[in-house]
Number of protein chains: 2
Amino acid sequence: MAKAIAHPARVAILQYLVKKNACVCGDLVEELGLAQATTSQHLKELKTAGIIQGTVEGVNVCYCIDPKVWKQYRELFNVFFKDVTLEGGNCC
Amino acid sequence: MAKAIAHPARVAILQYLVKKNACVCGDLVEELGLAQATTSQHLKELKTAGIIQGTVEGVNVCYCIDPKVWKQYRELFNVFFKDVTLEGGNCC
DNA sequence: CATTTTAATCGTAATATTGCGATAATGGGA
DNA sequence: TCCCATTATCGCAATATTACGATTAAAATG
């Protein structure tokens with residue numbers, strides 16, 4: 001899971017999709033400044049991770065966050081990063 | 001940041017440290033089942049990321065979560081994974 | 001001081017990731 | 001049907017990550 005978001009390009013894709021909060025058709029390539037092939041590859045990885053979905057819309061493909069999976073990610077990271085308070089204050 | 005936790009071994013280390021909620025001196029090697037060199041390398045990456053700290057305790061080194069940085073991670077992931085609700089319900 | 005224990009570092013091989021040009025595949029017009 | 005626009009996929013080079021044995025460093029102990 002962390003791997004899916006462990007690359008600047010993929011973080012940028014996700015942030016862009018979140019910002020738009022809607023389906024985005026293809027402007028990702030200009031947005032990222034990466035080659036079309038590279039962009040497509042990152043999108044594929046995010047799709048494989050389940051965090052985004054792409055629907056064919058005629059000649060375009062529209063991408064958007066999958067809110068359900070997104071929430072799962074949110075919760076899982078939340079659980080993982082639960083509170084930690086070293087009782088001793090300083091360590092050792 | 002995501003990269004720091006984007007490897008099973010490093011996740012295991014962090015979970016172990018959280019579970020113990022204290023300083024852990026060296027049992028990580030047996031815990032992980034990896035070579036000592038490999039374990040040390042992962043610990044170094046986590047230290048570089050700032051999420052753990054290691055203090056020399058005589059001949060041992062004790063590791064523990066840095067609660068402050070840990071909280072920062074928690075909050076940053078929280079912000080990143082803020083709520084997303086596609087208004088249209090289904091995408092496209 | 002020599003030895004032992006623990007951890008870090010070095011060097012290197014194996015593997016994975018990333019990026020991109022070239023090449024398909026698909027659908028919508030002219 | 002023949003192009004054109006948009007994506008996906010392939011093949012490959014460059015780079016990064018991972019793992020491990022060997023070596024080094026540091027500290028405690030006899």
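Quick note on labels: first sequence line is chain A, next is B, and so on, each numbered from 1.
Legend: salt bridge (Lys or Arg N to Asp or Glu O under 4.0 Å) pairs involving residues 36-45 of chain A, not counting sequence neighbours, sorted by first then second residue: Arg10(A)-Glu45(A). The salt bridge (Lys or Arg N to Asp or Glu O under 4.0 Å) contacts involving residues 25-42 of chain B comprise nothing, where partners must be two or more places apart or lie in separate chains.
The SG atoms of Cys25(A) and Cys62(A) sit under 2.5 Å apart.
In terms of position along DNA chain C, the nucleotide closest to Glu45(A) lies nearer the 5' end than the nucleotide closest to the other residue of the pair Glu45(A) and Val59(A). Along DNA chain C, the nucleotide nearest to Val56(A) and the one nearest to Asp27(B) differ in position, and the one closer to the 5' end is contacted by Asp27(B).
Applying the side-chain contact (heavy atoms from CB on, under 4.5 Å) criterion to Ala37(A), with sequence neighbours excluded, gives no partner residue. Here Ala6(A) pairs with Ala2(B), Lys3(B), Ala6(B) under the side-chain contact (heavy atoms from CB on, under 4.5 Å) rule; sequence neighbours left out. The side-chain contact (heavy atoms from CB on, under 4.5 Å) test applied to Lys47(B) returns Ile52(B), Tyr63(B), not counting sequence neighbours. Partners of Ala49(A) under the side-chain contact (heavy atoms from CB on, under 4.5 Å) rule, at least two apart in sequence or in another chain, are Ala4(A), Tyr73(A).
In terms of heavy atoms, Phe80(B) sits closest to Gln15(A) at CE1-CG, 3.6 Å. When all heavy atoms of Gln53(A) and Ile65(A) are compared, the closest pair comes out as OE1-O, 4.4 Å. Between Ile51(A) and Val69(A), the closest heavy-atom pair is CA-CG1, 3.9 Å.
On the nucleic acid side, DNA chain C has its first and last nucleotide under 4.0 Å of a heavy atom of chain B at dT5(C) to dT9(C), going 5' to 3'. Reading DNA chain D from its 5' end, the first and the last nucleotide to sit under 4.0 Å from a heavy atom of chain A are dA5(D) to dT9(D).
Contacts of Val61(A) with the nucleic acid, taken as non-hydrogen atoms under 4.0 Å apart, involve only primed sugar atoms and P, OP1 or OP2.
At a non-hydrogen distance threshold of 4.0 Å, Leu34(B), Ala35(B), Ala37(B), Thr38(B) from residues 31-40 of chain B come into contact with DNA chain D.
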